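One structure below.
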Amino acid sequence: MKYNFDEIVDRQNTNSLNTDGFRGYIFHAGPEKVFPYKDEEFVRMWVADMEFATPQPIIDGIKARLDRRIFGYTMMFKDDYYNSFATWCKTMYDWGFPKEELTFSAGVIPALYQLVELLVAKDEKIIIHTPAYGYFQHTAEYNNVEYVKAPLLKDNNDFRIDFEELEKIAADPKVKLLIWCNPHNPSGRVWSEEELQRVAAIVEKNDLWIISDEIHCDLLRTGLKHIPMGKVMPDYKKLITCMSASKTFNMAGLMFSNIIIRDKKLRKNFNNRDKNIGFLNPLSIAAHQAAYDHCGEWLDQLKTYLDDNFAFVDNFLKEKLPDSVFKIPEATYLAWVDMGKCLPGVENMADFFANKAGVLLEGGDDLFVGNAKGFIRLNLAMPRSVIDTGLNRMYEAIKEYKEL
């Protein structure tokens with residue numbers, strides 16, 4: 001079946017964060033904040049959900065569950081879901097895990113909040129590689145623990161791990177946890193097996209807990225393969241792996257993630273943290289199982305379309321905005337672009353592009369932690385015609401700014 005990724009889906013008035021919540025999320029403001037553009041006139045290239053329709057097999061799976069007509073308290077009593085997810089992991093990554101290690105959360109971020117509370121005392125520390133997704137920092141702040149930045153080395157937007165610095169930070173006896181992002185957000189790096197092994201060696205040497213956020217693991221450029229940290233560290237008990245079909249198949253609103261916990265005591269504490277933690281949304285289960293069972297072909301076509309979107313953006317920037325610094329990422333549908341030389345003196349990139357171009361995007365300093373000044377993050381999971389409109393608006397705004 002040929003899927004249509006050029007279709008423009010109307011999302012207005014759906015209580016979507018993407019369309020209806022951008023003022024609070026990006027600008028920390030309410031309806032009083034006005035722009036030269038109407039809300040429906042914005043090109044929305046910001047939050048990490050797609051402008052593509054969720055695959056039809058997932059919708060059909062939800063409909064089939066709806067037809068059962070009762071939505072009572074729901075838990076995982078049968079092996080069907082585990083079998084689907086385990087088959088996906090075996091097919092995609094040649095990796096597996098025992099059924100008893102699989103737990104669930106409303107999302108990777110809620111799981112991080114809970115896990116940090118369980119694993120790190122108030123006078124202890126966690127490590128995050130920067131630039132880092134802002135919620136890694138928020139997780140530490142919420143739990144009143146210190147986070148230590150381990151800056152990635154950067155050469156022309158090519159990011160790599162500073163292993164010497166990581167060794168020094170991990171050796172601090174107060175450091176108890178590494179929050180690891182694989183693939184990395186926002187750079188889009190897919191870590192090589194050698195890099196993963198070196199990180200694993202540092203973690204094991206210092207007896208650290210490691211939470212591996214792998215939510216972008218299926219959104220790789222065509223031909224690349226994801227290596228789960230669990231495959232690199234097959235026997236290390238202090239590893240937690242976080243995965244979900246939500247990012248890959250555009251159903252983040254269903255609030256469902258797989259949290260794979262090896263340590264039996266931690267798993268018990270995680271499940272007992274809330275008396276209702278074991279209850280799940282029956283529609284979320286149906287949707288995720290349908291994704292793993294029936295949506296491989298859709299994903300293959302999505303990856304090809306995203307590859308072409310990235311090539312389109314790369315060519316546009318090289319031709320019209322050569323002062324920008326960009327490298328096509330190995331994973332995610334998010335472009336991490338250094339616009340510092342294009343807009344010298346502009347401190348708030350998100351505000352500039354919203355007001356001057358009618359484009360909603362995330363500035364590096366707004367959402368990310370460390371090494372992010374001058375950067376913007378662009379969501380490219382949308383019809384190419386929309387990207388074309390957005391980029392041309394941005395180009396005209398930059399051109400006008402430089403002419404002032």
Side-chain angles (χ1 to χ4, degrees), residues 1-27 35-63 216 218-219 221-222 245-254 287 290-291 294-295 297-317 320-321 328-329 332-337 350 353-362 376-397:
M1 178 179 178
K2 175 68 174 176
Y3 292 94
N4 180 16
F5 295 101
D6 292 314
E7 178 189 8
I8 295 177
V9 180
D10 182 12
R11 301 180 64 184
Q12 296 292 331
N13 302 312
T14 61
N15 287 315
S16 166
L17 179 65
N18 190 309
T19 59
D20 303 329
F22 66 89
R23 281 178 175 81
Y25 197 97
I26 303 176
F27 303 107
F35 300 91
Y37 297 84
K38 297 178 181 178
D39 287 11
E40 63 270 20
E41 293 175 334
F42 279 112
V43 175
R44 306 184 309 276
M45 304 180 75
W46 69 288
V47 69
D49 64 12
M50 304 186 199
E51 294 296 326
F52 304 133
T54 298
Q56 190 61 44
I58 294 174
I59 296 172
D60 292 341
I62 294 173
K63 286 180 177 178
H216 293 277
D218 294 317
L219 294 163
R221 301 289 77 79
T222 301
S246 62
K247 193 74 69 180
T248 305
F249 299 103
N250 205 22
M251 48 183 183
L254 291 177
H294 304 299
C295 292
E297 181 183 0
W298 184 91
L299 178 57
D300 288 342
Q301 293 183 36
L302 168 73
K303 288 164 66 174
T304 299
Y305 194 90
L306 291 176
D307 290 350
D308 292 342
N309 275 359
F310 276 107
F312 177 81
V313 170
D314 189 43
N315 291 333
F316 184 99
L317 294 176
K320 293 194 171 183
L321 294 171
I328 294 176
T332 81
Y333 49 71
L334 306 162
W336 187 237
V337 188
F353 284 112
N355 280 286
K356 303 299 183 182
V359 175
L360 297 176
L361 52 78
E362 290 168 318
I376 59 172
R377 192 181 78 164
L378 297 174
N379 181 346
L380 303 188
M382 58 189 63
R384 202 158 302 130
S385 62
V386 179
I387 296 174
D388 187 25
T389 300
L391 291 179
N392 277 290
R393 285 190 187 183
M394 293 168 65
Y395 166 73
E396 293 297 331

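Computed from a prediction, not measured in an experiment: that's the story for all the values here.
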At their closest point, which heavy atom of [X] faces which heavy atom of [Y], and how far apart are they?
X    : Y    : result
N309 : L380 : ND2-O, 2.8 Å
F249 : P55  : O-CD, 3.6 Å
L361 : A350 : O-CB, 3.5 Å
L334 : F310 : N-CZ, 3.7 Å
I62  : L254 : CD1-CD1, 4.2 Å
D10  : Q12  : OD1-N, 3.1 Å

task = Could you go through the side-chain contact (heavy atoms from CB on, under 4.5 Å) check for L299 and D218 one step at a time?
result = CA-CA 8 Å; L299 178 57; D218 294 317; 4.1 Å; yes
Enter the distance from [X]:[atom1] to [Y]:[atom2] here, rounded to the nearest 0.5 Å.
X    : Y    : atom1 : atom2 : value
Y305 : T222 : OH    : OG1   : 14.0 Å
E362 : I26  : CD    : CD1   : 6.0 Å
C295 : Q56  : SG    : CD    : 9.5 Å
L219 : Y333 : CG    : OH    : 7.0 Å
Q301 : K2   : CD    : NZ    : 5.5 Å
M1   : E297 : CE    : CD    : 8.5 Å

Could you check whether [Y] and [X], counting side-chain N and O atoms only, form a donor-acceptor pair closer than 3.5 Å?
X    : Y    : result
E396 : N392 : no
N355 : Y37  : no
N18  : D49  : yes
T54  : N250 : no

For a 4.5 angstrom cut-off between non-hydrogen side-chain atoms, does [X] reach [Y]?
X    : Y    : value
M394 : F353 : yes
V337 : L317 : yes
T304 : D300 : no
M251 : I58  : yes
L306 : F52  : yes

ask   = Under a 4.0 Å N-O cut-off, is there an ion pair linking R11 with E51?
value = yes
task = Tell me, yes or no, whether the heavy-atom count around K356 atom NZ, taken from other residues, nucleotides or ligands under 6.0 Å, exceeds 12.
result = no
query = Counting only heavy atoms not in N15, do more than 12 sit closer than 6.0 Å to its CG atom?
reply = no
ask   = Between the side chain of R377 and the main-chain N/O of V47, is any donor-acceptor distance below 3.5 Å?
value = no
ask   = What class does the angle between the rings of F35 and F42 fall in, given that below 30° is parallel, 30 to 60° is tilted and above 60° is perpendicular?
value = perpendicular
request  = Decide salt bridge (Lys or Arg N to Asp or Glu O under 4.0 Å) for D388 and R393; before the verdict, give the C-alpha distance in whole Å, the side-chain angles of both, and the deciding distance to 0.1 Å.
outcome  = CA-CA 9 Å; D388 187 25; R393 285 190 187 183; over 6 Å; no
query = Between R384 and D308, does a side-chain contact (heavy atoms from CB on, under 4.5 Å) hold up when you go through it step by step?
reply = CA-CA 9 Å; R384 202 158 302 130; D308 292 342; 3.2 Å; yes
request  = Go through the steps for M50 and L302 under the test side-chain contact (heavy atoms from CB on, under 4.5 Å), then give the verdict.
outcome  = CA-CA 11 Å; M50 304 186 199; L302 168 73; 3.8 Å; yes
ask   = Can the ring centroids of F5 and W298 be said to lie less than 6.0 angstrom from one another?
value = yes
remark   = side chain to side chain contact (heavy atoms under 4.5 Å, CB included) with W46: of I376, L17, N379, L378, only one passes, and it is L17
ask   = Please walk me through it: do R23 and D39 pass salt bridge (Lys or Arg N to Asp or Glu O under 4.0 Å)?
value = CA-CA 10 Å; R23 281 178 175 81; D39 287 11; 2.9 Å; yes
